[in-house]
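To start, the structure under review is shown below, and the notes come after it.
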Amino acid sequence: MVKPLPRDFYDRPTLTVARELIGARLVRILDAAKLVGIITETEAYIGEEDLACHAKSGLTPRTQVMYGQPGHAYVYFTYGNHWMLNAVTEREGFPAAVLIRAIQPIEGVEVISKNRQGRDTFGPGKLCQAMGITKTENGVDLTEANQSLWIEAGIFVPNKSVTIGPRVGLNKTPEPWLSKPWRFLVKDISVTPALASGASVARRP
DNA sequence: AGCACGATGCTCT
DNA sequence: GAGCATCGTGCTT
């Protein structure tokens, strides 16, 4: 039985966590079904200084979770339709998180596909719909496997397979934040199914 | 295959 | 009341 990534994993610089979450397994227990996806895209949001980070306006009811203990889920709602999943990072009291933007489904694929009406899961709103993640999951401890949502070690993705670039979807964020290379994604998406099969090997020591 | 736009509701000013 | 860490559709090349 693989254990969830420990709190120490999240209690580190957010960029390190964002990079190392690439290839990790996002596990969701939904109505007795186990859904698993390999994380293929992340973005870092770091502190009140970062004008793209929700914490730019300080501690509010919404951003409270980001100020808390690392390793918890920060789930919020946007654009009237979509839920976004983040993993809280860095020490308690410092607001930072990694947005999980895309997954490659590897277990419970039928349920995931049904939740998405057969469409893809590459996108932060899409993966939440695929995994049935909503405000109920806000604040869940991702280091506890007895919850309904956690993250565990998956596969090793080498640097040469990871693209680093500026975060996307930040319409009016001023520089220098707009151009910070704080986005990580698996380079060639056609390679991802191979990574997923590699994951099943990695699970069997 | 690329762009424009509307849906839709919560959060902060 | 404006703005949003988006998505899907529908229309244009």
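Order of the sequence lines fixes the chain letters, A, B, ..., with proteins taken first and strands second; residue numbering starts at 1 for each chain. Quick caveat, the model's predicted, so the values are computed rather than measured. Atoms considered below: every heavy atom in the structure, side chains included; atoms not considered: hydrogens, waters and symmetry mates.
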Bracket string, DNA chain B, 5' to 3' - pairs by Watson-Crick or G-U geometry under 3.5 Å, | interstrand: |||||||.||||.

Of A:Arg119 and A:Tyr45, the one whose closest DNA chain C nucleotide lies more 5': A:Tyr45

Along DNA chain C (nearest heavy atom to each residue), the more 5'-positioned of A:Arg116 and A:Ala97: A:Ala97

Exercise: identify the closest heavy-atom pair between A:Tyr10 and A:Leu142: OH-CB, 4.2 Å

Pairwise side-chain contact, A:Phe9 with A:Glu20, heavy-atom cut-off 4.5 Å (strictly under): yes

Of all pairs that satisfy salt bridge (Lys or Arg N to Asp or Glu O under 4.0 Å), the ones with a partner from residues 158-169 of chain A, not counting sequence neighbours: A:Asp50-A:Arg167

Atom NZ of A:Lys34 with >12 non-hydrogen neighbours under 6.0 angstrom: yes

A:Gln117 CD - C:dC7 C1' separation (whole Å): 12 Å

Atom pair distance, as rounded to whole Å: NZ in A:Lys56 and C1' in C:dC4: 9 Å

Phosphate-side-chain proximity, A:Arg183 and C:dA5, N/O vs OP1/OP2 below 4.0 Å: no

Atom-pair distance (CG on A:Leu178; P on C:dA5), nearest Å: 12 Å

Whole-Å gap separating P (B:dT11) and CG (A:Leu59): 14 Å

Closest non-hydrogen atom pair, A:Thr121 against A:Ile112: CG2-CG2, 3.8 Å

Length of the line joining A:Glu41:CD and C:dT6:P, which is rounded to integer Å: 10 Å

DNA chain C contacts made by residues 164-176 of chain A, counting heavy atoms under 4.0 Å: A:Gly169, A:Leu170, A:Lys172

B:dT11 OP1/OP2 closer than 4.0 Å to side-chain N/O of A:His54: no

Test item: side-chain donor near acceptor, A:Ser148 and A:Arg28, under 3.5 Å: yes

Which residues share a salt bridge (Lys or Arg N to Asp or Glu O under 4.0 Å) with A:Glu48, sequence neighbours left out: none

Reported CZ-to-OG1 distance for the pair A:Arg7 and A:Thr143, which is rounded to 0.5 angstrom: 3.5 Å

Euclidean distance, A:Leu170 CG relative to A:Lys172 NZ, rounded to 0.5 Å: 13.5 Å

Among C:dT6, B:dC12, C:dG8, the one nearest A:Pro124 by side-chain distance: C:dT6

Rounded distance (Å) that lies between atom P of B:dT11 and atom CG of A:Asn138: 10 Å

Atom pair CZ (A:Phe122) and CD (A:Glu41), whose distance is rounded to the nearest 0.5 Å: 9.5 Å

Summary of ring-ring contact (aromatic ring centres under 6.0 Å, His included) pairs that have at least one residue in residues 82-119 of chain A, sequence neighbours excluded: A:Phe77-A:Trp83

Near-strand residues of residues 72-81 of chain A, defined as heavy-atom separation under 4.0 angstrom from DNA chain B: A:Phe77, A:Tyr79, A:Gly80, A:Asn81

Spacing between A:Gln64 atom CD and B:dC12 atom C1', to the nearest angstrom: 16 Å

Distance, rounded to the nearest Å, where A:Trp83 contributes CH2 and B:dC10 contributes P: 8 Å

Interatomic distance, A:Lys56 atom NZ to A:Tyr45 atom OH [nearest 0.5 angstrom]: 10.0 Å

